[in-house]
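Each chain gets a letter, A, B and so on, in the order its sequence line appears, and its residues count up from 1. For clarity, every value in this text was computed on a predicted model and none was experimentally measured.
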2 protein chains.
Amino acid sequence: MPDPIRFYFDFASPYAYFAATRIDALAKSFGRTVEWRPILLWAVFRAHGVAPPMDVAVRRDYLLHDMARSADFFGVPYRAPAKLALSTHLAARLYHAISETEPSKAVAFANRVFAAFFVEQKDISQSDTLLALAADAGIDADAAAEGMTAGRPLLEQAVAGAIADKVVGSPFFLVDGEGFFGADRLPQLRWFLEKPA
Amino acid sequence: MPDPIRFYFDFASPYAYFAATRIDALAKSFGRTVEWRPILLWAVFRAHGVAPPMDVAVRRDYLLHDMARSADFFGVPYRAPAKLALSTHLAARLYHAISETEPSKAVAFANRVFAAFFVEQKDISQSDTLLALAADAGIDADAAAEGMTAGRPLLEQAVAGAIADKVVGSPFFLVDGEGFFGADRLPQLRWFLEKPA
């Protein structure tokens, strides 16, 4: 069994959302699984000394337009988020807590968070929103409420792992030691997996 | 006849080199021509307040690896440049001068510069190197020597145009008012051209 593909992302990243709609099927076609690892991109950027790309007006304008166009290109539903950037630490903590206690529901929860943020224009920084999304994914209310605290050290570990793995943006894929940054690297990731070892 | 595709690039950008090997054929398949416009990316970045991506160690490491891997992915010859970054103002001035006086030779010169820098590890910041490359493209030696001065205002115009067109990196394609940044946006550029108007 080949190693899993590690999928680092921030829940506030539209490009991560686009990639999330494809990565499991891509991995599966090569007999691989995917380790979903939500992180806090700002914390990784801060550790590396990288300025957030949305800070510069001309790049922010480009990216906002490119996000909407890329959604069309990927053929996924998309409405510009109500807030961007916003805090994703509660969503990420909850993901990691679910991943430990009910791993079979974790990816469904992540996909539910993406849809809430990028299609339904919900504010995924709010704990009550996240509780409702967890319920949609079949997570018990008490477990979800607790997960937003219990997941804290797990998220800290994931962020430390992302820094060690030299993550430079979201989404970032690590496979057999090779890093691929961006939803636009999916064709190259496929090409890499197809190459004879 | 539909409008041409404007192709902004810096001669020191490997991703521009990869895109340069494809853009003319892509445009032609949609009945379009390509306006090649070398610029000085640092000058555009400075005007927009963008930090050069290679300034941060972790991103520089990622990009250097990604450049070599992307060359394989695009199926083009590539050897890591002897110097990176380096000054491309003489190459760009000469391109613009040739483009005015002998337009039919300009793209051949640009492709020669890319090959010299990204395959032959030549130092394209040097005027004697550029004179030899111009000769390879059939440009008279005196005209080439003069072009490195005469092209100055033309390059300044191109840089001002890039700033006005909100260029955010190299390569950058502008088609029917839509901007596409990166060699990895070529599939999306094709998709855009295929869409019914």
Side-chain angles (χ1 to χ4, degrees), chain A residues 8 15 18-19 41 44-75 162-169 172-196, chain B residues 8 15 18-19 41 44-75 162-169 172-196:
Chain A
Y8 284 113
Y15 302 106
F18 306 149
L41 193 56
V44 176
F45 278 164
R46 193 175 61 179
H48 290 324
V50 174
M54 299 283 275
D55 277 7
V56 177
V58 68
R59 201 149 58 175
R60 183 181 172 85
D61 290 349
Y62 175 79
L63 288 172
L64 289 174
H65 183 71
D66 184 66
M67 288 165 186
R69 189 179 62 203
S70 293
D72 269 356
F73 174 71
F74 281 102
I163 294 165
D165 281 341
K166 301 190 172 183
V167 167
V168 295
F172 188 91
F173 302 97
L174 193 68
V175 49
D176 301 348
E178 286 281 317
F180 296 85
F181 163 44
D184 44 37
R185 280 292 173 281
L186 289 177
Q188 195 167 137
L189 174 56
R190 175 182 290 280
W191 163 86
F192 177 78
L193 290 169
E194 278 166 353
K195 281 203 300 184
Chain B
Y8 284 113
Y15 302 106
F18 306 148
L41 193 56
V44 175
F45 278 163
R46 194 175 58 179
H48 290 325
V50 174
M54 300 283 276
D55 278 8
V56 177
V58 68
R59 202 149 57 176
R60 183 181 172 86
D61 289 349
Y62 175 79
L63 288 172
L64 289 175
H65 183 71
D66 184 65
M67 287 165 185
R69 189 179 62 204
S70 293
D72 269 356
F73 175 71
F74 280 103
I163 294 164
D165 281 341
K166 301 190 172 185
V167 167
V168 295
F172 188 91
F173 303 97
L174 193 67
V175 49
D176 300 347
E178 286 280 319
F180 296 86
F181 163 45
D184 44 38
R185 281 292 173 281
L186 288 177
Q188 196 167 139
L189 174 55
R190 173 181 292 278
W191 162 86
F192 177 78
L193 291 168
E194 280 166 352
K195 280 203 300 185

Worksheet entry | Contacts of residues 47-55 of chain B with chain A (heavy atom under 4.5 Å) | His48(B), Gly49(B), Val50(B)
Could you report the tightest heavy-atom contact between [X] and [Y], atom names first, then the distance?
X	Y	value
Val58(B)	Val168(A)	O-CG1, 3.8 Å
Tyr15(B)	Ser70(B)	CE2-OG, 4.1 Å
Tyr8(B)	Asp165(B)	OH-OD2, 2.7 Å

Interface moiety of [X] toward chain A, non-hydrogen atoms closer than 4.5 Å:
X	value
Phe180(B)	both
Phe73(B)	both
Phe172(B)	side chain

Item to complete: Output, in order, the C-alpha distance, side-chain angles, deciding distance and verdict of side-chain contact (heavy atoms from CB on, under 4.5 Å) for Phe173(B) and Leu186(B).
Response: CA-CA 9 Å; Phe173(B) 303 97; Leu186(B) 288 177; 3.8 Å; yes
Worksheet item: Is it true that Asp72(A) and Arg69(A) make a salt bridge, defined as a side-chain N closer than 4.0 Å to a carboxylate O?
Response: no
Item to complete: Taking Tyr62(A) for its side chain and Phe181(B) for its backbone only, find out whether a donor-acceptor pair lies under 3.5 Å.
Response: yes
Worksheet item: Would a 4.5 Å heavy-atom cut-off, applied to side chains only, mark Arg60(B) and Leu64(B) as touching?
Response: yes
Worksheet item: What residue, out of Gly179(B), Gly182(B), Gly169(B), has the most heavy-atom pairs lying under 4.5 Å from chain A?
Response: Gly179(B)
Worksheet item: Between Arg185(A) and chain B, which part of the residue has a heavy atom less than 4.5 Å away: side chain, backbone, both or neither?
Response: side chain
Fill in: Val56(A) portion near chain B, given a 4.5 angstrom heavy-atom threshold
side chain
Worksheet entry | Atom pair CG (Asp61(A)) and CG (Asp66(A)), whose distance is rounded to the nearest 0.5 Å | 12.5 Å
Fill in: Sequence-distant partners of Arg59(A), side-chain hydrogen bond (donor to acceptor under 3.5 Å, both in side chains), two or more places apart
none
